[in-house]
Amino acid sequence: MVITPTVEAVMGHGASAYGRLAEAGARPAFGADVVINNPPDLFEPLRDTLRTARPATGSASVPPAGDLLLAATLDGARAVGLGGVVGTVDVGKRADLLLLDGLGHLRGDRAGAVVSCLTASDVRTVLVDGHVVKRDFALLV
């Protein structure tokens, strides 16, 4: 299942289903939709979910930021039937990668910082199927 929590909130469709789905054992994925009134990236849905889910759980670590990143990568690939092709960095899978900037000052697990702090402007380099399509913040195609 793919959810689009930012657009759902903006359009008045109610609270995000992420928490309910995760509690039920599902692996919800994040998507972007209606990009005329929402950012066309997954950073905002990640951040929105973190901001709404953690107060509801009363915890500064639930849901774990790493789980949210999985929802934007591996779970997203699985949701659209491409789990065997993309979604993780594994031998035999396409090299679809984002190289992010802005967290060099941090040590250890950066998942929380990616989810809570980064935006599309922090995407330094993008590879699609092994081909560089963005380098040093500039699109090449």
Side-chain angles (χ1 to χ4, degrees), residues 1-23 25-141:
M1 172 172 286
V2 177
I3 60 169
T4 57
T6 310
V7 73
E8 291 160 14
V10 168
M11 296 184 75
H13 296 311
S16 171
Y18 180 86
R20 294 186 308 275
L21 291 168
E23 287 174 16
R27 300 286 312 185
F30 289 108
D33 192 10
V34 191
V35 296
I36 58 170
N37 64 5
N38 285 277
D41 64 65
L42 296 180
F43 290 101
E44 187 58 27
L46 289 170
R47 205 169 17 264
D48 185 65
T49 299
L50 195 68
R51 283 190 299 247
T52 57
R54 285 191 172 173
T57 65
S59 171
S61 59
V62 176
D67 286 2
L68 297 181
L69 284 179
L70 284 174
T73 55
L74 176 58
D75 296 332
R78 286 179 179 159
V80 297
L82 294 174
V85 180
V86 296
T88 59
V89 179
D90 290 315
V91 173
K93 287 191 173 182
R94 289 177 42 173
D96 292 353
L97 304 169
L98 298 180
L99 304 180
L100 304 170
D101 204 22
L103 300 177
H105 63 289
L106 299 177
R107 300 290 175 250
D109 183 14
R110 294 180 176 98
V114 169
V115 171
S116 62
C117 299
L118 296 188
T119 67
S121 66
D122 296 302
V123 177
R124 179 181 208 71
T125 300
V126 176
L127 286 86
V128 176
D129 201 15
H131 303 284
V132 178
V133 297
K134 181 176 183 178
R135 177 180 285 128
D136 293 327
F137 305 102
L139 289 175
L140 303 179
V141 293

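Along the sequence shown, residues are numbered consecutively beginning with 1. In this text, all values refer to a predicted model and were calculated from it rather than measured experimentally.
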Peer 1: Measure the spacing between CZ of Arg135 and CG of Leu99 and express it to the nearest 0.5 Å.
Peer 2: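 Answer rounded to 0.5 Å: 10.5 Å.
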
Peer 1: Is Leu139 close to Val133 at the side-chain level, that is, under 4.5 Å between some pair of heavy atoms?
Peer 2: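 Result no, sub-4.5 Å side-chain heavy-atom pair not found.
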
Peer 1: May I ask you to test the Arg47-Leu68 pair for a side-chain heavy-atom distance under 4.5 Å?
Peer 2: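 No. Closest side-chain heavy atoms not under 4.5 Å.
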
Peer 1: Checking the side chain of Arg124 only, and the main-chain atoms of Ser121 only, is there a donor and an acceptor separated by less than 3.5 Å?
Peer 2: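 Not a single qualifying donor-acceptor pair exists.
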
Peer 1: Hey, does Tyr18 have a side-chain heavy atom less than 4.5 Å from the side chain of Pro45?
Peer 2: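 Pro45 vs Tyr18: side chains apart.
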
Peer 1: List the atom of Ala65, the atom of Val115, and the distance in Å for their closest heavy-atom pair.
Peer 2: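 Here Ala65 and Val115 meet closest at O-CG2, 3.7 Å.
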
Peer 1: Looking only at side-chain N and O atoms, does Ser59 offer a donor or acceptor that is under 3.5 Å from a partner on Thr57?
Peer 2: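 There is no such pair between these side chains.
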
Peer 1: Just wondering, do Ile3 and Glu8 contact through their side chains at under 4.5 Å, heavy atoms?
Peer 2: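 Side-chain contact under 4.5 Å: yes.
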
Peer 1: Under the side-chain contact (heavy atoms from CB on, under 4.5 Å) criterion, do Leu100 and Phe43 qualify, and how do the steps go?
Peer 2: CA-CA 12 Å; Leu100 304 170; Phe43 290 101; 4.0 Å; yes

Peer 1: Any side-chain heavy-atom pair from His13 and Val7 closer than 4.5 angstrom?
Peer 2: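 Not in contact.
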
Peer 1: For Phe137 versus Val123, what's the shortest heavy-atom pair and its separation?
Peer 2: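 Between these two residues, the closest heavy atoms are CD2-O, 3.4 Å.
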
Peer 1: Measure the spacing between OG of Ser116 and CZ of Arg54 and express it to the nearest 0.5 Å.
Peer 2: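 Between atom OG of Ser116 and atom CZ of Arg54 there are 8.0 Å.
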
Peer 1: How long is the span from the CG atom in Asp96 to the CG atom in Leu82, to the nearest 0.5 Å?
Peer 2: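 If I round to the nearest 0.5 Å, the distance is 9.5 Å.
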
Peer 1: Nearest 0.5 Å, what's the CG-CG distance between Asp67 and Asp75?
Peer 2: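 The distance works out to 8.5 Å.
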
Peer 1: Under 4.0 Å between a Lys/Arg side-chain N and an Asp/Glu carboxylate O for Arg20 and Glu23?
Peer 2: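 No, no charged N to carboxylate O under 4.0 Å.
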
Peer 1: Start with the C-alpha gap between Val126 and Leu97, add the side-chain angles, then the distance that decides, and say whether side-chain contact (heavy atoms from CB on, under 4.5 Å) holds.
Peer 2: CA-CA 6 Å; Val126 176; Leu97 304 169; over 6 Å; no

Peer 1: For Leu106 and Ala113, which heavy atoms make the closest approach, and how far apart are they?
Peer 2: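 Shortest heavy-atom contact: CD1-CB, 3.4 Å.
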
Peer 1: Taking all non-hydrogen atoms of both residues, which atom of Ala32 and which atom of Thr4 are closest, and how far apart?
Peer 2: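 Looking at all heavy atoms of both residues, the closest pair is N-CG2, 4.1 Å.
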
Peer 1: CG of Leu69 to CZ of Phe30: how many Å apart, nearest 0.5 Å?
Peer 2: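 Those atoms lie 9.5 Å apart.
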
Peer 1: Grab the two heavy atoms, one from Leu118 and one from Asp101, that are nearest each other, plus how far apart they are.
Peer 2: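 Scanning both residues completely, I find the closest heavy atoms to be CD2-O, 3.7 Å.
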
Peer 1: How many angstroms lie between atom CG of Asp41 and atom CG of Asp122, to the nearest 0.5 angstrom?
Peer 2: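 Output value for this atom pair is 10.5 Å.
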
Peer 1: Val10: what forms a side chain to side chain contact (heavy atoms under 4.5 Å, CB included) with it, not counting sequence neighbours?
Peer 2: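 With sequence neighbours excluded, Val10 shows a side chain to side chain contact (heavy atoms under 4.5 Å, CB included) to Asn37, Asn38, given in chain and number order.
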
Peer 1: Could you tell me whether a side-chain N or O of Lys134 sits under 3.5 Å from a main-chain N or O of Leu98, the two making a donor and an acceptor?
Peer 2: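 Looks like no, no N/O pair under 3.5 Å.
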
Peer 1: Between Val85 and Lys93, which heavy-atom pair has the shortest distance, and what is it?
Peer 2: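 Scanning both residues completely, I find the closest heavy atoms to be O-CB, 3.3 Å.
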
Peer 1: Around Arg51, counting heavy atoms of other residues, nucleotides and ligands shown, do more than 12 lie under 6.0 Å from its CZ?
Peer 2: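 Yes.
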
Peer 1: State, yes or no, whether a side-chain contact exists between Pro5 and Thr52 at a heavy-atom distance under 4.5 Å.
Peer 2: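 Answer no - side chains too far apart.
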
Peer 1: Could you tell me if the side chain of Leu103 sits less than 4.5 Å from the side chain of Val114, heavy atoms only?
Peer 2: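 Yes. Closest side-chain heavy atoms under 4.5 Å.
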
